[in-house]
S.K.: 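Mind having a look at this structure? Questions to follow.
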Amino acid sequence: MARSSFQTSEFVRRSNKILVCVRLHKMTVRTRIAPSPTGSPHVGTAYMALFNLAFARKHGGKMILRIEDTDQSRSTKESEDAILSSLKWLGLCWDEGPDCGGEFGPYRQSERIEIYKEAIQKLVDAGYAYPCFCTAERLNEVRKRQIENKETPRYDGHCLSLSKEEIEQKMQAGEKYVYRLKIPDEGACEFEDELRGKVSIEWSQVDHQIIQKSDGFPTYHLASVVDDYHMKISHVIRGEEWINSTPKHILLYEGFGWKPPSFAHLPLLRNPDKSKLSKRKNPTSIDYYKDAGFIPEAVVNYLGMMGYTLPDQREIFDLEEMSESFDIKRMSLGGPIFDIAKLKWLNGRYLREKLSPDEVLQRMLAWKANPEFLGKILPLALQRLETLSDFFPLAQFLLNDAPEYTIDALAGKLEPGIPAKLLKIAEWELEKISSWDRESLSSLFQKIAETEELKLKQILSPFFVAISGSTVSLPLFDSLALLGPDLARTRIRIALEKLAVEGVGLSKKGLKKLEKEYAQKYGNRID
RNA sequence: GCUCGUGUGGUGUAGUUCGGUCCAUCAUGUCGCCCUCUCGAGGCGACGACCCGGGUUCAAAUCCCGGCACGAGCACCA
């Protein structure tokens, strides 16, 4: 009896060991998120991070964070820092990354340039890539003609016919060039998507993608494939927006002679009008949700229920609970609409069910009810105080999500249409400022006043209302500075929407006209 | 425009793999009622959906075909 049970357990032990070996050897799950540090931390990044994490955790694997900063003109260190700290705030933590290192670093693409150079040479040698000397003018012309002929715009392979001598000559002459991926002339690329099954895309639809820019930096496609391979990524879980370029990636793996990872393309978060979530229509910055008083647990929980349900349909869960039973096949494929009303409900439940009153108090203190923040408001309010009790009513708009006001207050005494125009211009101009402080904000509005040939005082009234809810309030520029870019922008957007529903906003035509006028007076927009 | 992807109430979803147990689940939202000093929270209830048209079948949300709608991609951006 004792002996046989010993044998049994010995057998189980041994076969477990074998199983574990097989898993470790073949199946070590490694997923990644690869944000590009070109703006404020996006909820979509958090969404992808959450599912990559849940998948990795479920399979006892790791998630890697890699910074994709190959666009040197747009990438900033501030943005990188902001993204890392926002993800940390949410509690979505990575096992390897630029801040904590790891076995397969560096984790910032700008620090891996040599690896890509070598990789591209390998591709050229293998006949998968070639140099291209075409000018932007020629490319534009080709594209124009193709669109006229209703074809998918695509490089025509012009430089493919260059001889070795011609190439050498051009390079020696110092002509600018890029490297392109050579796409097969016919057939289709078929690949397996973990969620959607077989996907087939004709090669004729795929462009001869530039894989190295003329500044010597690789593009996303090349860099991410090379890094995913070197970082031993087993499962690429990313947004649906990448499906159409997956053939390029598969071809790159083939060119290198590497085995591609599995791919899973998740649906994209949507605006209420079903378009891809964008800051024009919805707050997309993680910082907005933090500033507006949401707590990280609720935000993560909410993102988790976008497209996913636990097997028992429970709605309140954390990352750990989600990971335990996580099955990527349970994802819904329709793009979920990011519904702030439901997020608020969920956040409320966390506040009253998951946290104790004392914990809620601590959160509030850490959030804005602290000496530092209130201390910054006080100097602005002081001249306006007669009693201590005057303070909070004055400061209210700096502590709440958004103020309330009437459309009449917003429209003010300005001519109809002017408030909307000013708000829109400011929205665009605010995208351009490099640092969000009193000085920059002040000069921004001075500039608008000058350009629009109005007095500063005149243009400011709609902003006072949009930001504070009243024309009688604390100084605007200081208030904006304290509010931060995300809350401020959202308030301007809300004001614009209010004007639009009242019929005194910008019509489609008006907006087009304003866009042109803006480009002329203020230069190009950044979106 | 071309290509790919996706379609269950206003919104998030279960059910679709292997057709019946689905005159379709749960939640949110809106409205109403109860509780309560008000409001809120909580409880209860109502409203509201299988994109459309064919086909297969005794039986279709589920399988097949054809439409339609929506989204994404089509950059020296990622």
S.K.: Using a 3.5 Å limit on both distances, find every run of at least three consecutive Watson-Crick or G-U pairs that involves RNA chain B.
M.R.: B:1-7 with B:68-74, B:10-12 with B:26-28, B:29-34 with B:42-47, B:51-55 with B:63-67
S.K.: Could you give me the CA-CA distance, side-chain angles and deciding distance for A:Lys354 and A:Glu359, then say whether salt bridge (Lys or Arg N to Asp or Glu O under 4.0 Å) is met?
M.R.: CA-CA 9 Å; A:Lys354 302 287 272 192; A:Glu359 284 170 322; over 6 Å; no
S.K.: Once ring pair (Phe, Tyr, Trp, His ring centres under 6.0 Å) is applied, do any residues pair with A:Tyr177, and if so which ones, sequence neighbours excluded?
M.R.: A:Phe133, A:Tyr179
S.K.: With rounding to whole Å, what would you report as the distance between B:A49 and B:G9 at their C1' atoms?
M.R.: 4 Å
S.K.: To the nearest Å, give me how far apart CD (A:Gln146) and P (B:A75) are.
M.R.: 10 Å
S.K.: Of the options B:A78, B:A41, B:U28, whose atoms approach the side-chain atoms of A:Trp345 most closely?
M.R.: B:U28
S.K.: Please state whether the rings of A:Phe326 and A:Phe55 are parallel, tilted or perpendicular, taking 30° and 60° as the class boundaries.
M.R.: perpendicular
S.K.: Donor-acceptor pairs under 3.5 Å, side chain of residues 209-217 of chain A to any protein atom, not counting sequence neighbours: which ones?
M.R.:
{"unit_1": "A:Lys213", "atom_1": "NZ", "unit_2": "A:Thr70", "atom_2": "O", "d": "2.8"}
{"unit_1": "A:Asp215", "atom_1": "OD1", "unit_2": "A:Phe217", "atom_2": "N", "d": "2.8"}

S.K.: Can you tell me, in whole Å, how much space there is between the C1' of B:C64 and that of B:U57?
M.R.: 12 Å
S.K.: So what does A:Arg154 hit on the nucleic acid, given a heavy-atom distance under 4.0 Å: a base, only sugar-phosphate, or nothing?
M.R.: nothing
S.K.: Report the distance from atom NZ of A:Lys329 to atom P of B:C18, rounded to the nearest whole Å.
M.R.: 14 Å
S.K.: Quick check on B:C77: is either OP1 or OP2 less than 4.0 Å from any side-chain nitrogen or oxygen of A:Ser73?
M.R.: no
S.K.: P atom, B:G7 versus B:G48: distance in rounded Å?
M.R.: 25 Å
S.K.: Taking any heavy-atom pair under 4.0 Å as a contact, classify A:Gly307: base, sugar-phosphate, or nothing.
M.R.: sugar-phosphate
S.K.: Considering only the C1' atoms, how many Å lie between B:G43 and B:A59, rounded to the nearest integer?
M.R.: 40 Å
S.K.: Looking at the rings of A:Phe338 and A:Tyr302, which for Trp means the six-membered one, are their centres under 6.0 Å apart?
M.R.: yes
S.K.: If you look at every strand shown and take non-hydrogen atoms under 4.0 Å, does A:Arg330 touch a base, only sugar-phosphate, or nothing?
M.R.: sugar-phosphate
S.K.: Tell me, please, which residues at least two apart from A:Tyr107 pass ring pair (Phe, Tyr, Trp, His ring centres under 6.0 Å).
M.R.: none
S.K.: Can you tell me if the side-chain N/O atoms of A:Lys344 get under 4.0 Å from OP1 or OP2 in B:G29?
M.R.: no
S.K.: Which of these nucleotides, B:C76, B:A14, B:G73, is closest to any side-chain atom of A:Lys276?
M.R.: B:G73
S.K.: A:Phe217 CZ to B:C77 C1': how many Å, rounded?
M.R.: 14 Å
S.K.: Side chain of A:Pro153: nearest nucleotide among B:A72, B:C74, B:G15?
M.R.: B:C74
S.K.: Using a cut-off of strictly less than 4.0 Å, decide whether A:Arg314 has a side-chain nitrogen or oxygen near OP1 or OP2 of B:C26.
M.R.: no
S.K.: Could you tell me how far apart A:Lys176 (NZ) and B:C76 (C1') are, to the nearest whole angstrom?
M.R.: 9 Å
S.K.: Picking from A:Arg143, A:His208, A:Gln146, A:Arg138, what satisfies side-chain hydrogen bond (donor to acceptor under 3.5 Å, both in side chains) with A:Asp156?
M.R.: A:Arg138
S.K.: Scan nucleotides 4-11 of chain B nucleotide by nucleotide, 5' to 3', and note B when protein non-hydrogen atoms come under 4.0 Å of the base, S if they reach only the sugar-phosphate, - if neither.
M.R.: SSS----S
S.K.: Relative to each other, are the rings of A:Tyr229 and A:Trp258 parallel, tilted or perpendicular (30° and 60° limits)?
M.R.: parallel
S.K.: When the C1' atoms of B:U13 and B:U3 are compared, how many Å lie between them, rounded to an integer?
M.R.: 30 Å
S.K.: Could you tell me how far apart A:Asn347 (CG) and B:A41 (P) are, to the nearest whole angstrom?
M.R.: 14 Å
S.K.: Measure CG/A:Asn301 against C1'/B:U28 and give the value in whole Å, please.
M.R.: 13 Å
S.K.: Quick check, are the ring centers of A:Trp345 and A:Tyr350 under 6.0 angstrom apart?
M.R.: no
S.K.: Rounding to an integer number of Å, can you tell me how far A:His208 NE2 sits from B:C74 P?
M.R.: 16 Å
S.K.: Once you measure the plane-to-plane angle for A:His249 and A:His221, does it fall in the parallel (<30°), tilted (30-60°) or perpendicular (>60°) bin?
M.R.: tilted
S.K.: Between B:C39 and B:U25, how far apart are the two C1' atoms, rounded to whole Å?
M.R.: 33 Å
S.K.: At less than 4.0 Å, is any side-chain N or O atom of A:Arg238 found next to OP1 or OP2 of B:A78? Yes or no.
M.R.: no
S.K.: Under 3.5 Å, which donor-acceptor pairs do the side chains of residues 395-403 of chain A form with other protein atoms, sequence neighbours left out?
M.R.:
{"unit_1": "A:Asn400", "atom_1": "OD1", "unit_2": "A:Arg491", "atom_2": "NH2", "d": "3.4"}
{"unit_1": "A:Asp401", "atom_1": "OD1", "unit_2": "A:Tyr288", "atom_2": "OH", "d": "2.9"}

S.K.: Give a yes/no on whether any side-chain N or O of A:Thr309 is located under 4.0 angstrom from OP1 or OP2 of B:A14.
M.R.: yes
S.K.: Within this structure, what is the NZ-to-P distance between A:Lys144 and B:A75, rounded to whole angstrom?
M.R.: 16 Å
S.K.: Contact class for A:Ser224 vs. all strands (heavy atom < 4.0 Å): base, sugar-phosphate, or nothing?
M.R.: nothing
